[in-house]
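Atoms within a ligand are numbered from 1 in the order they appear, just like the ligands themselves.
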Amino acid sequence: MVWLGPPLLLAILFLASHVGAAVDLTLLANLRLTDPQRFFLTCVSGEAGSGRGSDAWAPPLLLEKDDRVVRTLPPGQPLRLARNGSHQVTLRGFSKPSDLVGVFSCVGGAGARRTRVLYVHNSPGAHLLPDKVTHTVNKGDTAVLSAHVLKEKQTDVIWKSNGSYFYTLDWHEARDGRFLLQLPNVQPSSSGVYSATYLEASPLGSAFFRLIVRGWEPCGYFLWVRCGAGRWGPGCAKECPGCLHGGVCHDHDGECVCPPGFTGTRCEQACREGRFGQSCQEQCLGTSGCRGLTFCLPDPYGCSCGSGWRGSQCQEACAPGHFGADCRLQCQCQNGGTCDRFSGCVCPSGWHGVHCEKSDGGDPLRSRTLDEGHFGGHVSAP
Ligand SMILES: *[C@@H]1O[C@H](CO)[C@@H](O)[C@H](O)[C@H]1NC(C)=O
Ligand SMILES: *[C@@H]1O[C@H](CO)[C@@H](O)[C@H](O)[C@H]1NC(C)=O
């Protein structure tokens, strides 16, 4: 065997780590646990450099309350970080509901790929609750953040961005029990954590949102460019691969960030029920599977429920005919295909394709049919 000196070995590991530019990092919040003392956050990495492979040099995974964006009161007692191997960390030790308010972040990956994944907690007992927590929009779009009223108060609603005052709405301005913040012509610098709170109410009662704006900062003639969902790179000049199943095209490297429960360069394949991670290598434990879990992935994806689940606490199964993360996808099965809420159309023999629209007969180069077992095992890094 040839002995590779450290510089060459480093170079190889560096190259290997660039296969698949999006970092395989998932921050999970278990929303079934409403008692702060039982609540915990877990961050899981599928990266070779964090204990999956032989690379011992990668910096450790971090999971912490992140007060850089939104300042909150310090927790009642210091939070406890527990490591399980080098690819999984858990944060516990919350003692009161306000310990959960604010932003949490997990940092993983090595070198230039070091990535921060954010989670914002919404208390089930809040006055206001976001209709949707993560808003991923494109530069130049209009973003509409919508907070619906759970407990009415006859006072103004204060919107904040990154913890600083942003806008006030009079309580008469509620429409259909909702307070809307419209942000026209958003720019990447408009990205951040937004919140809506009744005047003089505790931050515990707030609705917290994340706004993620895809696209590059304006510079020179790129100023006018609207970066459509299907484009990436400087000036949004390059075309995305066409991410499926709710995958989001990364604006800086053109790769698809796949929703939990989907894999492949275009997120074309569903994992087995209860599986997640870039190669479906992780599994939701326990009898309820991924029910009640919020999954946060690297931007521009943000957070969602796992595949097959929806609702603010991710506890509701998809309605018939719907599937995927947050049940955002609709089955349109043809030729007798049936809708599975985790994977979409399940085709009868003789048919394949997303809608079972392709006949097995005429197409010898047909894509492999979904072999559930195929994704079961741990898939090693290239
Ligand atoms: C640690 O991780 C392993 C493998 O992922 C898992 O089987 C085990 O239950 C975990 N232990 C704890 C205490 O979470
Ligand atoms: C919020 O903070 C982030 C990260 O510090 C920054 O990039 C962004 O521009 C800020 N957004 C606003 C609206 O202040």
Sidechain N-carboxylate O distance under 4.0 Å for Lys96, Asp99: yes
Per-atom contact, atom 4 (C) of ligand 2, protein heavy atoms, under 4.0 angstrom: no
Geometric N/O contact Ser191 with ligand 2, under 3.5 angstrom: yes
Qualifying residues under side chain to side chain contact (heavy atoms under 4.5 Å, CB included), relative to Glu64, sequence neighbours excluded: Ser105, Arg116
Heavy-atom proximity to atom 10 (C) of ligand 2, best of Leu118, Val193, Asn162: Asn162
Per-atom contacts of ligand 2 with Ser189, taking only distances under 4.0 Å to non-hydrogen atoms: 8 (C), 9 (O), 11 (N), 12 (C), 13 (C)
Contacting atoms of ligand 2, where contact means under 4.0 angstrom from a heavy atom of Ser161: 13 (C)
Under-4.0 Å salt bridge between Arg113 and Glu47: yes
Between CZ on residue Phe94 and CZ on residue Arg38, distance to nearest 0.5 Å: 14.0 Å
Distance-only check: which donor-acceptor pairs under 3.5 Å involve side-chain atoms of residues 204-213, not counting sequence neighbours?
| from | atom 1 | to | atom 2 | distance (Å) |
| --- | --- | --- | --- | --- |
| Ser206 | OG | Thr197 | OG1 | 2.7 |
| Ser206 | OG | Pro203 | O | 2.9 |
| Arg210 | NH1 | Asp299 | OD1 | 2.9 |
| Arg210 | NH2 | Asp299 | OD2 | 2.8 |

Region of Pro188 that comes within reach of ligand 2 [heavy atoms, distance under 4.0 Å]: neither
